[in-house]
Chemist: 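Before we start, here is the structure in question, set down as structure tokens.
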Amino acid sequence: MADRIHRVTLFKIPKPEDQQTMLELYRKVEATNRKGGKPYILSLTAGSAEVDQRAQGYTVVAKTEFASVGDMEYFDNDCDAHKALKAVGRGTLTIDGILTVFFKPRVMGGSDP
């Protein structure tokens, strides 16, 4: 897991129904992501942010893991599943902000590393 690219995307989606739609779109991405005919996203987790002042208005969180920056770039630019998510997101959902960061872990630990 230390060599993986971890990517976290936060969405400010004020309407609960739009939040649910975004989560459904991520379910579709998980089920249909393909590169060279095979799934390439190593891990995908998405959910609603817990209500907390530290959330700063972000309501939906998605975390993906990729084997390489190249796979993440494929996700951004060429993945049909992600293109479908972006088309619906930009076309029909009210999204007030998006923040995406990615990193390679330098520290790992916990009771279930």
Side-chain angles (χ1 to χ4, degrees):
M1 284 183 43
D3 291 339
R4 293 181 175 189
I5 301 299
H6 294 248
R7 172 178 165 140
V8 179
T9 302
L10 306 170
F11 298 90
K12 289 184 179 181
I13 304 176
K15 297 178 186 175
E17 61 272 20
D18 286 352
Q19 294 170 24
Q20 284 307 118
T21 299
M22 181 60 76
L23 293 174
E24 287 300 320
L25 291 167
Y26 269 102
R27 279 187 187 93
K28 289 180 184 176
V29 168
E30 195 284 321
T32 63
N33 77 92
R34 297 289 182 274
K35 181 179 178 186
K38 297 180 181 179
Y40 70 98
I41 297 174
L42 301 177
S43 173
L44 187 152
T45 305
S48 298
E50 296 297 326
V51 177
D52 185 285
Q53 68 182 14
R54 294 171 290 187
Q56 298 182 27
Y58 290 100
T59 56
V60 175
V61 181
K63 181 178 182 292
T64 47
E65 294 180 25
F66 302 94
S68 66
V69 171
D71 280 355
M72 185 185 70
E73 289 172 348
Y74 177 85
F75 180 72
D76 281 335
N77 302 313
D78 300 309
C79 177
D80 289 336
H82 192 223
K83 284 179 185 179
L85 179 146
K86 292 189 289 187
V88 173
R90 290 180 180 145
T92 62
L93 303 182
T94 300
I95 300 176
D96 294 341
I98 301 172
L99 172 68
T100 300
V101 296
F102 66 94
F103 64 97
K104 273 190 173 184
R106 301 293 183 243
V107 178
M108 295 179 70
S111 62
D112 186 26

Chemist: Between Asp96 and Pro14, what is the shortest heavy-atom contact and its length?
Modeler: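 The answer is OD2-CG, 3.4 Å.
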
Chemist: List in chain and number order the residues that pass salt bridge (Lys or Arg N to Asp or Glu O under 4.0 Å) with Lys86, two or more places apart in sequence or in another chain; answer none if no residue qualifies.
Modeler: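 Expected list: none.
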
Chemist: Less than 4.5 Å apart, any side-chain heavy atom of Leu23 and any of Val60?
Modeler: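 Side-chain contact under 4.5 Å: yes.
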
Chemist: What do you reckon, is NZ of Lys28 surrounded by more than 12 foreign heavy atoms closer than 6.0 Å?
Modeler: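 Count not over threshold, so no.
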
Chemist: Are there over 12 heavy-atom neighbours, none belonging to Glu17, within less than 6.0 Å of that residue's CD?
Modeler: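 Counting other residues, nucleotides and ligands, CD of Glu17 exceeds 12 neighbours.
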
Chemist: Which side-chain N or O atoms in residues 41-48 pair as donor and acceptor under 3.5 Å with protein atoms at least two apart or in another chain?
Modeler:
none

Chemist: Taking the side chain as everything from C-beta on, heavy atoms only, tell me whether Asp18 gets closer than 4.5 Å to Met22.
Modeler: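 No, too far: nothing below the 4.5 Å cut-off.
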
Chemist: Please state whether the rings of Phe75 and His82 are parallel, tilted or perpendicular, taking 30° and 60° as the class boundaries.
Modeler: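 Answer is parallel, since the angle falls under 30°.
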
Chemist: Indicate yes or no for a side-chain donor-acceptor contact from Asn33 to the backbone of Glu30 under 3.5 Å, with no hydrogens or angles considered.
Modeler: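 It does hold such a pair.
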
Chemist: Would you say the side chain of Thr100 lies within less than 4.5 Å of the side chain of Arg7, judging by non-hydrogen atoms?
Modeler: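 When only atoms from C-beta onward are counted, Thr100 and Arg7 do touch, with a gap below 4.5 Å.
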
Chemist: Do the side chains of Leu99 and Val8 join up, straight or via other hydrophobic residues, at under 4.5 Å, putting them in one cluster?
Modeler: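 Result: yes, single cluster for both.
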
Chemist: Roughly how far apart are Ile13 CD1 and Thr59 OG1, rounded to 0.5 Å?
Modeler: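 If we round to the nearest 0.5 Å, Ile13:CD1 and Thr59:OG1 are 5.0 Å apart.
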
Chemist: Looking at Glu24 and Arg27, does any basic side-chain N land under 4.0 Å from a carboxylate oxygen?
Modeler: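 Yes, Glu24 and Arg27 are salt-bridged.
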
